[in-house]
Amino acid sequence: MLDRQFWKSARVPVARVFIVVVVLYSFVWQRIEVPPLTSALSLAGIALAVLGVVIRGLAAGYLHKNQELATDGIYALARHPLYLGSSLIALGLMLVIRDPLVAAALVVVMVITYLPTIASEEAKMAHRFPEAWPGYRDSTPRILPRIDRIGRLTRGGWNAAQWRHNAEYNAPLAVILVLVALQLYRAFA
């Protein structure tokens, strides 16, 4: 059995290697067919991925890691909007690619990385913010947002400099690169 501490530090690199292996197997060895990006399901997937990028961007502009408990803006709707956004991006890409093996790999990677990470982050927040955390945890859902709080999106101070500090420009760039790579793959497959 793998040591718990080893797995805690190795799960993200292992997940990345796993995704690379599945992608290489699917696209290079199996040469899966990718539907046109203009199909209805692909456009729905792209829309979901864009929504995920927007949610991540909203979250990153509020997040001051390890300095304060983010409870305003999108954090008033869900405690972990970054993971919600990432999940929507993955779901969107699954709809674009439509390969069961790639979809299963993405789900496995999300489960083995997000669930333990969320638990770890929540334990840290409980320790770091013992007065504020229990009330926030009890009133705000973990992942799925409380739509009845949509008006709170404008509370607080979303900050572009904080968005850049959190390097959130990587999410839209990654989605664009994947979509371009899929289009090139379709063109040359």
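- Screening Val53, Ile89, Leu177 against Pro172 for a side chain to side chain contact (heavy atoms under 4.5 Å, CB included) leaves a single residue, Val53.
- Counting heavy-atom neighbours within 6.0 Å of Glu33 CD, excluding the residue itself, gives a total of 12 or less.
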Take Glu68 and Tyr62 through the side chain to side chain donor-acceptor pair (under 3.5 Å) test and state the conclusion after the steps. CA-CA 10 Å; Glu68 62 186 53; Tyr62 281 99; over 6 Å; no
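- Hydrophobic cluster membership is shared by Trp29 and Leu182, with clusters built from Ile, Leu, Val, Met, Phe, Trp and Tyr side chains linked at under 4.5 angstrom.
- A donor-acceptor pair under 3.5 Å is absent between the side-chain atoms of Asp138 and the main chain of Gly135, judged by distance alone.
- Hydrophobic clustering, with ILVMFWY side chains joined whenever heavy atoms are under 4.5 angstrom apart, keeps Leu106 apart from Val20.
- A donor-acceptor contact shorter than 3.5 Å links the side chain of Arg98 to the backbone of Leu95.
- For the atom pair Asp72 CG and Leu77 CG, the distance stands at 11.0 Å (nearest 0.5 Å).
- Across all their heavy atoms, Ile143 and Ala78 have their closest contact at O-CB, 3.4 Å.
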Report the C-alpha separation of Arg56 and Glu168 in whole Å, then their side-chain angles, then the decisive distance to 0.1 Å, and conclude whether the salt bridge (Lys or Arg N to Asp or Glu O under 4.0 Å) test is met. CA-CA 7 Å; Arg56 284 190 58 87; Glu168 195 51 39; 2.7 Å; yes
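- A side-chain donor-acceptor contact under 3.5 Å links Ser86 to the backbone of Leu82.
- With Arg152 contributing its side chain and Gly73 its backbone, the two residues share no donor-acceptor pair below 3.5 Å.
- Nearest heavy-atom pair across Leu101 and Ser26 is CD2-OG, 3.7 Å.
- If you chain together hydrophobic residues whose side chains sit under 4.5 Å apart, Ile176 and Leu37 never meet in one group.
- If you check the side chains of Tyr25 and Gln30, you find a donor sitting under 3.5 Å from an acceptor.
- Side-chain atoms of Thr113 come within 3.5 Å of backbone N or O of Val109 as a donor-acceptor pair.
- Residues Val180 and Tyr185 have side chains not in contact (no heavy-atom distance under 4.5 Å, counting atoms from C-beta outward).
- Under a hydrophobic clustering in which Ile, Leu, Val, Met, Phe, Trp and Tyr are joined whenever their side-chain heavy atoms come within less than 4.5 Å, directly or via other members, Leu88 and Val108 fall into the same cluster.
- In summary, the side chains of Ser139 and Arg146 do not present any donor paired with an acceptor at a separation below 3.5 Å, with no hydrogens or angles considered.
- The heavy-atom pair separating Phe129 from Leu69 by the smallest distance is CZ-N, 3.5 Å.
- In this structure, Trp163 and Tyr169 have perpendicular ring planes: the angle between them is above 60°, well past the 30° mark.
- Of the inter-residue distances, the one linking Leu179 atom CG with Leu93 atom CG reads 6.5 Å to the nearest 0.5 angstrom.
- To the nearest 0.5 Å, the span separating CG on Asp99 from CD1 on Ile32 amounts to 4.0 Å.
- Using a distance-only test at 3.5 Å, with no hydrogens or angles considered, a donor-acceptor pair links the side chain of Asn166 to the main chain of Leu63.
- Residues Val17 and Tyr114 do not share a hydrophobic cluster, clusters being chains of Ile/Leu/Val/Met/Phe/Trp/Tyr side chains in contact below 4.5 Å.
- Inter-residue side-chain proximity for Arg137 and Met125 is flagged as unmet; no heavy-atom pair is nearer than 4.5 Å.
- In terms of modelled atom types and a separation under 3.5 Å, the side chain of Trp158 and the main chain of Ala59 share no donor-acceptor contact.
- For the atom pair Ile74 CD1 and Arg149 CZ, the distance stands at 13.0 Å (nearest 0.5 Å).
- Using a 4.5 Å heavy-atom threshold, the side chains of Pro145 and Leu84 count as touching.
- His64 NE2: more than 12 foreign heavy atoms inside a 6.0 Å radius.
- Between Ala49 and Val175, the closest heavy-atom pair is CB-CG1, 4.2 Å.
- In this structure, Pro36 and Ser42 approach most closely via the heavy-atom pair O-OG, 2.9 Å.
- The minimum heavy-atom distance linking Pro35 with Val96 is given by the pair CD-O, 3.6 Å.
- With rounding to the nearest 0.5 Å, the separation of CD in Glu121 from OH in Tyr83 is 3.5 Å.
- A salt bridge links Arg79 with Glu122; the closest basic N to acidic carboxylate O contact falls under 4.0 Å.
- Between the side chain of Thr140 and the backbone N or O of Tyr136, at least one donor-acceptor pair lies under 3.5 Å.
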